[in-house]
Amino acid sequence: MTNFQVAHRDKQEPTAALLVRVIVCFALFAGGLALIGVGTAAGPSEDLGGAVAFVGGILLVGLAFGLPMLGAHER
């Protein structure tokens, strides 16, 4: 058997900061999904608006997952 132990967190972030981070990340995620939907609904056309919206949505979803990881090694 392994002797697994969870690292103790030395400093706790304020609850308001955690709540704001969760709300911002959820808004980025939902906005990214909406942009992906807009980009998909635009369909193939001569302008690049649908493709830009789709790629922007993918980037927003990635940012929503990556933003909480900033400074994770310090926590």
Side-chain angles (χ1 to χ4, degrees):
M1 291 283 154
T2 61
N3 191 8
F4 178 76
Q5 294 180 354
V6 177
H8 178 69
R9 177 179 267 180
D10 293 331
K11 62 178 183 175
Q12 179 68 31
E13 296 181 35
T15 304
L18 291 174
L19 183 64
V20 168
R21 183 182 303 155
V22 167
I23 291 171
V24 167
C25 289
F26 180 74
L28 286 172
F29 182 75
L33 289 181
L35 277 177
I36 289 172
V38 167
T40 304
S45 61
E46 292 186 16
D47 62 353
L48 292 176
V52 170
F54 187 81
V55 172
I58 291 175
L59 292 175
L60 277 181
V61 169
L63 182 64
F65 280 104
L67 191 62
M69 295 296 128
L70 293 176
H73 66 279
E74 298 170 358
R75 289 185 224 136

Note: Cys25 and Ala64 closest approach over all heavy atoms is O-CB, 3.4 Å
CG (Leu35) and OG1 (Thr40) are apart, to the nearest 0.5 Å, by 10.5 Å
Applying a strict under-4.5 Å side-chain criterion to I, L, V, M, F, W and Y, I'd like to know whether Ile58 and Phe65 cluster together. yes
(message) Are Val20 and Leu63 connected into the same hydrophobic cluster when the rule is that any two of I, L, V, M, F, W, Y join if their side-chain heavy atoms are below 4.5 Å apart?
(response) yes
- [ ] Identify whether Phe29 and Leu67 are in the same connected component of the hydrophobic contact network (ILVMFWY, side-chain heavy atoms under 4.5 Å).
- [x] no
For Leu60 and Gly32 the tightest heavy-atom approach is CB-CA, 3.7 Å
Apart from Phe26 itself, members of its ILVMFWY cluster (side-chain separation under 4.5 Å) are none
Here the pair of heavy atoms bringing Leu33 nearest to Val61 is N-CG2, 4.0 Å
